[in-house]
Colleague: 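The structure's right below; bear with me while I get my questions together.
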Protein chains: 2
Amino acid sequence: MRDVTSSRTPTRNRGSRRAEILDAAATLFAARGFHGVSIEDIGGAVGVSGPALYRHFSGKDALLAEMLLNVSQRLRASAAEVVTGAGSAEQMLDTLIAGQIAFALSEPALITVHDRELGNVPEPERRAIRRLQRLYAEEWVTVLAELYPRCPAADLRAAAHAVFGLLNSTPHSAGDLPRETMAPLLHRMARAALSAIVGERGVGERGDTERGVGERGR
Amino acid sequence: MRDVTSSRTPTRNRGSRRAEILDAAATLFAARGFHGVSIEDIGGAVGVSGPALYRHFSGKDALLAEMLLNVSQRLRASAAEVVTGAGSAEQMLDTLIAGQIAFALSEPALITVHDRELGNVPEPERRAIRRLQRLYAEEWVTVLAELYPRCPAADLRAAAHAVFGLLNSTPHSAGDLPRETMAPLLHRMARAALSAIVGERGVGERGDTERGVGERGR
DNA sequence: CGAATCAGTTAATGATGACTAACATCACGA
DNA sequence: TCGTGATGTTAGTCATCATTAACTGATTCG
């Protein structure tokens, strides 16, 4: 359904405009949020003005939907490939981590939009995206379950999401470190965080039940 | 500047409406984004309709500004208190982590809005908020620098932000685990992630330079 | 050479939304 | 009791914005 690059590609410069628009829109959405960006803004960012977008997308919603669908498909496919392939669970986990880092570092805007704007995707494709996201997370859980068989799946899921948060934080603290330093640092941190899933007593076990920070405004 | 609860408090139920509005707005902003929420929506959420808000805030921007300023002040003050107080660096770090977890778990909406919507705050207070956020991060860096004196400050900063990402991920993976399980899990993961700042060779050092995930759409 | 289609353009149109104005309560304090 | 100020209400106003319409220039295929 919904033919991408309808039937034959438009003679000369194939879907380049389409990709250009998606790219510019991702950057803008990441910076100002879906509703903070106008069709005019997106058009302007690629050198055309306003309603030219409707030659490529059926609307702003559809643009966002395609963008997120694309991202979640890429992530999911790459994770599935890793987990289906050969190697120990340890190796798989390292490859999953490396893949997520590479993605977060090379496409920070997409990562940002991907976990912020799902709520603005219209319903048919919203479900599809959510499903792909869930499948992606489950690939991680599968590998983690092999490494920590005693651990409840819910804990593994929560831990996986926490690591996503860790790895996807790069867009926010961007630019401070060169990629060659940042990537191994994140990898080590993610690896260590996951090693801590199992509940050894005595690390920092106290204090988590304390009240909220600075209970003033109540 | 800009008197909160102007001069004397309004006769009966002091600033309760104000707080109520801030609370409802935080939830809405977290769910649909600043521009995705209308003044009517916010009013409706507290049982008044529309422009009643202007009796309490000078505008939508000002509402957001006050909300974020409040959050960053609370976070910063609590961290400063920890670091200024007594205890080893290890203890301080645990207390910082516990504080951040408590905040993220008890006020997920505020945490979400806090690191998404800064860009929509008008300029006078935008700088103030950014400054407080920076100071908060620097409290962490101070403690980390004591624990890892050989490590460049830039790395520590990046690591701190990564841990913020890890801890603040709770709003997204919300509900899966009870707080009594989630809090210690996050604490252990954060602690372990920070222990990995120092670059031991041989953990997962390969593979981070690989290409982006599923290099299709190019 | 056409005819068709792609890819743009500018000018409506119709909603929505932030903010203002003008008017109503109602609880005090003098 | 009267007035004053805090707090609401409803009905504009003015912008902004997504989307559509009507039209134009190319490029390619027959």
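Order of the sequence lines sets the chain letters (A, B, ...), proteins ahead of strands, with each chain counted from 1. This one's a predicted model, so the numbers in the text were calculated from it and none came from an experiment.
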Colleague: Send over the distance from A/R32 CZ to D/dC17 C1', rounded to a whole Å.
Modeller: 13 Å
Colleague: Check this for me, if you would: do A/R74 and A/E107 make a salt bridge, where the nitrogen-to-carboxylate-oxygen distance has to be below 4.0 angstrom?
Modeller: yes
Colleague: Can you measure A/D61 atom CG to D/dC17 atom P for me and round it to whole angstrom units?
Modeller: 16 Å
Colleague: Atom CG of A/L28 and atom P of D/dC17: how far apart are they, to the nearest Å?
Modeller: 13 Å
Colleague: Please state how far atom CD in A/E40 lies from atom P in C/dT10, giving the value in whole angstrom units.
Modeller: 9 Å
Colleague: For A/K60 and D/dT16, what is the distance between atoms NZ and P respectively, to the nearest whole Å?
Modeller: 15 Å
Colleague: Any side chain to side chain donor-acceptor pair (under 3.5 Å) involving residues 152-165 of chain B? Give me the pairs, sequence neighbours left out, ordered by first then second residue.
Modeller: B/E138-B/R157
Colleague: Whole-Å distance between D/dG8 P and B/I39 CD1?
Modeller: 14 Å
Colleague: Once salt bridge (Lys or Arg N to Asp or Glu O under 4.0 Å) is applied, do any residues pair with A/E20, and if so which ones, sequence neighbours excluded?
Modeller: A/R17
Colleague: For the pair B/N120 and B/E117, evaluate side chain to side chain donor-acceptor pair (under 3.5 Å) and give the outcome as yes or no after the intermediate values.
Modeller: CA-CA 6 Å; B/N120 291 312; B/E117 307 289 5; 2.8 Å; yes
Colleague: Using whole Å, what does the distance between atom C1' of nucleotide D/dA18 and atom NE2 of A/H35 come to?
Modeller: 12 Å
Colleague: Find the distance B/D41:CG to C/dA15:C1' and express it as a whole number of Å.
Modeller: 15 Å
Colleague: Going by number, which of residues 43-57 of chain B have a non-hydrogen atom under 4.0 Å from DNA chain D?
Modeller: B/V48, B/S49, B/P51, B/A52, B/R55, B/H56
Colleague: In terms of side-chain geometry, is the basic nitrogen of A/R130 or A/E125 positioned less than 4.0 Å from the acidic oxygen of its partner?
Modeller: no
Colleague: For the residue pair B/D115 / B/Q133, report whether a side-chain donor-acceptor contact shorter than 3.5 Å exists.
Modeller: no
